[in-house]
Amino acid sequence: MKRLGEIVYGCYALLVWGIFALMVFCPLIILGPTLAIRRAIGRAGVKITMAACFAPLHVRGLERLPTAACVVVSNHASYLDGLVMTAA
């Protein structure tokens, strides 16, 4: 029964990412007039899609980042790292 739930959730998440990310937010990002607007659409799109997949994004430790420009590196735990870092 657990495996069936995982398969159903996987299909649901794939459908949500396909609809929200590919059909809604990607065209909006492409049509965005400025870089700042495109980045804002990308961040909002990932956050909305993650919430729709029942995996909301919570960012902690922002106070530890320097105020100057810096490089943030992820540990590549999944293929979603780039999207999550975009939203964060």
Side-chain angles (χ1 to χ4, degrees):
M1 195 59 137
K2 181 180 176 183
R3 181 72 177 143
L4 178 61
E6 291 172 351
I7 291 171
V8 169
Y9 174 76
C11 292
Y12 168 77
L14 184 63
L15 180 66
V16 167
W17 277 100
I19 290 173
F20 282 125
L22 297 177
M23 295 182 184
V24 176
F25 294 112
C26 283
L28 288 176
I29 291 170
I30 291 169
L31 296 174
T34 66
L35 180 61
I37 291 173
R38 290 191 300 267
R39 285 183 177 170
I41 292 169
R43 279 191 299 274
V46 172
K47 287 180 182 181
I48 291 169
T49 306
M50 294 287 288
C53 289
F54 307 108
L57 179 65
H58 301 285
V59 179
R60 298 181 302 205
L62 288 177
E63 67 279 355
R64 296 181 187 173
L65 290 175
T67 55
C70 65
V71 175
V72 179
V73 180
S74 70
N75 62 0
H76 293 288
S78 75
Y79 292 111
L80 294 176
D81 287 348
L83 295 172
V84 170
M85 288 183 74
T86 297

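Below, each value reflects all heavy atoms present in this structure, side chains not excepted, and no hydrogens, waters or symmetry copies. By convention here, the first residue in the shown sequence is residue 1. Treat the numbers as computed from the prediction; the structure is a model and nothing was measured.
Interatomic distance, Ile29 CD1 to Arg43 CZ, rounded to the nearest 0.5 Å: 10.5 Å. One distance of note links CH2 of Trp17 with CE of Met50; it measures 6.0 Å at 0.5 Å rounding. We find the CD1-CD1 distance between Ile48 and Ile41 to be 10.5 Å, quoted to the nearest 0.5 Å.
Closest heavy-atom contact between Ile37 and Gly32: CG2-CA, 4.5 Å.
A continuous path of Ile, Leu, Val, Met, Phe, Trp and Tyr side chains, each step under 4.5 Å between heavy atoms, connects Leu65 with Val59, placing both in one hydrophobic cluster. There is no path of hydrophobic side-chain contacts, each under 4.5 Å, that joins Met23 to Val46. Transitive grouping of hydrophobic side chains (ILVMFWY, heavy atoms separated by less than 4.5 Å) brings Met1 and Val8 into a common cluster. Linking Ile, Leu, Val, Met, Phe, Trp and Tyr whenever their side-chain heavy atoms come within less than 4.5 Å leaves Leu14 and Val84 in two separate clusters.
Contacts of Leu31 classified as side-chain contact (heavy atoms from CB on, under 4.5 Å), with partners at least two apart in sequence or in another chain: none. When the salt bridge (Lys or Arg N to Asp or Glu O under 4.0 Å) test is applied to Glu6, the partners found at least two apart in sequence or on another chain are Arg3. With sequence neighbours excluded, the residues that form a side-chain contact (heavy atoms from CB on, under 4.5 Å) with Ile19 are Leu15. Evaluation of the ring pair (Phe, Tyr, Trp, His ring centres under 6.0 Å) rule for Tyr12 yields Phe54 as partners, not counting sequence neighbours.
Among pairs with a residue in residues 53-63, none fulfils salt bridge (Lys or Arg N to Asp or Glu O under 4.0 Å), at least two apart in sequence or across chains. Applying the salt bridge (Lys or Arg N to Asp or Glu O under 4.0 Å) test to every pair with at least one member in residues 65-88, sequence neighbours left out, gives no pairs at all.
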